[in-house]
Amino acid sequence: MPPRFSVQPSWKALTGTLYGQSPAAVTSNVSHATARAASTKAPTQKRTDFFRAAQARQRKAANLSRQKVLQAERDASLGDPVESQPTPFIQDIQAVSTGSQSSASAGINYYLKKDDLTSALEFSKDLTEPLRNPNRDTADPQAEQKASEGHEKAHHNAEEAIQRIVDLNNGNTKDRMRLNIQKCIEEFGRHSTDKVLPPKPTGLRHESAPIHSEKAPRVGIDTGSPEVQAAILTIKIMNLSRHLQTANKDKHNKRNLQLLVHKRQKLLRYVRQKERGGPRWQNLMEKLGLSEAAWKGEIAL
């Protein structure tokens, strides 16, 4: 019998086989192989019905076109957020701003009124009138008549010069804006509208509500009410809008126009909320010729 030798197997020598590897290593090798095999497979494409896809595209196009039509109708019903309708008050303001009025109806500059100017000229004429000699025996009628004619001529020249100075056609844009602001104050100031318009509707008072004392009556000219401020902003918006029609590259004034329009929108919302849509709100919107787009929704210029 051949001799027996004790040979112990060397597990480290068997590299590259399953022998000598831990179970975790075997599992990781199998998972990597599976991932590589899965990545090499071609992705399966989902079957699509071309007829149904075409129908979906047609429905989407029809919906989008219908949305555009409806949006255009809504915008047309709201109106223009910037421009005003040609009401009598707006036409008067535009005539003063553009200088299209005649000299007689253009108005007077420097915060003057025609009656005050006429009375002042008459008073100055009486002050400068030459005195007559009280002793009629030594008076010279020819000299008195000559002095009276000279006085009439000098007064006529002075009156003509004053009329030219205060004539609005000889003023600048600031003078016209000042006159328009005066018209807004006289038209929408509460010292004038309180005499014509009824008060706003009052709400129901609860028994537990406190009783407030009555407000003191208004004294002087009203210049700070929101109606007056909205009217003044409307005049400024009209001037900038007319300017931007010929200067469409004026980005600075275009931004100023956006600021004025949004500021007027806030004031109009405030007036509507406070007056509860009453006579004062209706009078403001009708005379300024504003539409619902001036206060409702988002304004994008």
Side-chain angles (χ1 to χ4, degrees), residues 78-101 105-114 168 171-200 218-245 253-297 299 301:
L78 286 177
D80 193 352
V82 178
E83 299 296 334
S84 300
Q85 299 296 326
T87 60
F89 178 76
I90 293 297
Q91 290 177 352
D92 190 15
I93 293 297
Q94 288 177 346
V96 173
S97 300
T98 57
S100 58
Q101 285 183 334
S105 60
I108 298 179
N109 203 353
Y110 304 113
Y111 296 101
L112 296 176
K113 296 183 179 180
K114 291 184 178 180
L168 192 64
N172 54 14
T173 307
K174 290 184 178 180
D175 298 332
R176 298 178 185 277
M177 175 64 70
R178 184 168 59 245
L179 180 60
N180 285 335
I181 290 175
Q182 287 182 350
K183 290 186 177 183
C184 290
I185 293 172
E186 293 297 329
E187 186 71 26
F188 298 100
R190 299 199 177 186
H191 64 281
S192 300
T193 56
D194 286 343
K195 304 174 184 178
V196 181
L197 299 176
K200 67 179 179 180
R218 188 180 299 276
V219 179
I221 299 176
D222 174 30
T223 59
S225 61
E227 304 96 282
V228 176
Q229 299 300 319
I232 294 174
L233 286 176
T234 301
I235 295 175
K236 295 180 180 180
I237 288 171
M238 290 167 54
N239 290 342
L240 279 181
S241 176
R242 185 174 61 253
H243 166 71
L244 291 174
Q245 290 177 359
N253 280 325
K254 186 175 181 180
R255 181 180 180 275
N256 291 338
L257 178 63
Q258 293 176 354
L259 294 176
L260 292 177
V261 169
H262 286 87
K263 189 175 181 180
R264 184 181 65 178
Q265 182 187 28
K266 293 180 181 179
L267 282 174
L268 292 177
R269 287 181 178 176
Y270 175 79
V271 176
R272 180 178 174 83
Q273 179 184 2
K274 288 296 180 181
E275 297 298 327
R276 304 185 182 96
R280 195 180 301 278
W281 161 260
Q282 296 174 3
N283 176 66
L284 176 65
M285 297 297 288
E286 289 175 1
K287 288 189 176 180
L288 291 181
L290 299 177
S291 59
E292 291 185 352
W295 65 272
K296 183 185 293 186
I299 298 178
L301 302 180

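Remember, it's a predicted structure, so these values are computed and weren't measured experimentally.
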Chemist: Taking side chain as C-beta onward, heavy atoms only, is Ser97 less than 4.5 Å from Ile93?
Modeler: yes
Chemist: For the CD1 atom of Ile90 and the NZ atom of Lys287, what is their distance to the nearest 0.5 Å?
Modeler: 11.5 Å
Chemist: Rounded to the nearest 0.5 Å, what separates atom CG in Asp92 from atom NZ in Lys183?
Modeler: 3.5 Å
Chemist: May I have all residue pairs that pass ring pair (Phe, Tyr, Trp, His ring centres under 6.0 Å) and include part of residues 254-296, sequence neighbours excluded?
Modeler: Trp281-Trp295
Chemist: Do other residues, nucleotides or ligands put more than 12 heavy atoms under 6.0 Å from the CD1 atom of Ile221?
Modeler: no
Chemist: Is there side-chain contact between Arg190 and Glu227, with at least one heavy-atom pair below 4.5 Å?
Modeler: yes
Chemist: Look up atom NZ in Lys174 and atom CD1 in Ile181, then write down how far apart they are to the nearest 0.5 Å.
Modeler: 12.0 Å
Chemist: For Val82, which of Leu240, Val261, Leu244 qualifies under side-chain contact (heavy atoms from CB on, under 4.5 Å)?
Modeler: Val261
Chemist: Distance check, rounded to the nearest 0.5 Å: His243 atom NE2 versus Thr173 atom OG1?
Modeler: 11.0 Å
Chemist: Where do Ile235 and Cys184 come nearest, in terms of heavy atoms and distance?
Modeler: CD1-SG, 3.0 Å
Chemist: Can you check whether Leu284 reaches Leu268 side chain to side chain, under 4.5 Å on heavy atoms?
Modeler: yes
Chemist: Flag the pair Asp222 / Phe188 as yes when at least one side-chain heavy-atom distance between them is below 4.5 Å, and no otherwise.
Modeler: no
Chemist: If I compare all heavy atoms of Pro226 with all of Leu267, which pair ends up nearest, and what's the gap?
Modeler: CB-CD2, 4.2 Å
Chemist: Dump the intermediate steps for side-chain contact (heavy atoms from CB on, under 4.5 Å) on Thr87 and Leu288, then the final yes or no.
Modeler: CA-CA 7 Å; Thr87 60; Leu288 291 181; over 6 Å; no
Chemist: In Å and rounded to the nearest 0.5 Å, what is the CD to CD1 distance from Glu187 to Ile185?
Modeler: 12.0 Å
Chemist: How would you list, by chain and number, every residue that makes a side-chain contact (heavy atoms from CB on, under 4.5 Å) with Asn109, sequence neighbours excluded?
Modeler: Leu168, Asp175, Arg178
Chemist: Within the 4.5 Å heavy-atom criterion, are Lys114 and Ile108 side-chain neighbours or not?
Modeler: yes
Chemist: Under the side chain to side chain donor-acceptor pair (under 3.5 Å) definition, can you give me all pairs with a residue in residues 230-242, not counting sequence neighbours?
Modeler: Glu83-Ser241, Thr234-Arg264, Asn239-Arg242
Chemist: Identify every side-chain donor-acceptor pair in residues 272-280 under 3.5 Å, counting partners at least two apart or on other chains, and give the distances.
Modeler:
unit_1 : atom_1 : unit_2 : atom_2 : d
Arg276 : NH1    : Pro201 : O      : 2.6
Arg280 : NH1    : Thr193 : OG1    : 2.9
Arg280 : NH2    : Asp194 : OD1    : 2.9

Chemist: Could I get the full list of side-chain contact (heavy atoms from CB on, under 4.5 Å) partners for Gln85, not counting sequence neighbours?
Modeler: none
Chemist: Please enumerate all residues that pass side chain to side chain donor-acceptor pair (under 3.5 Å) together with Ser291, with sequence neighbours excluded.
Modeler: none
Chemist: What distance separates Gln91 CD from Ser84 OG, expressed to the nearest 0.5 Å?
Modeler: 11.5 Å
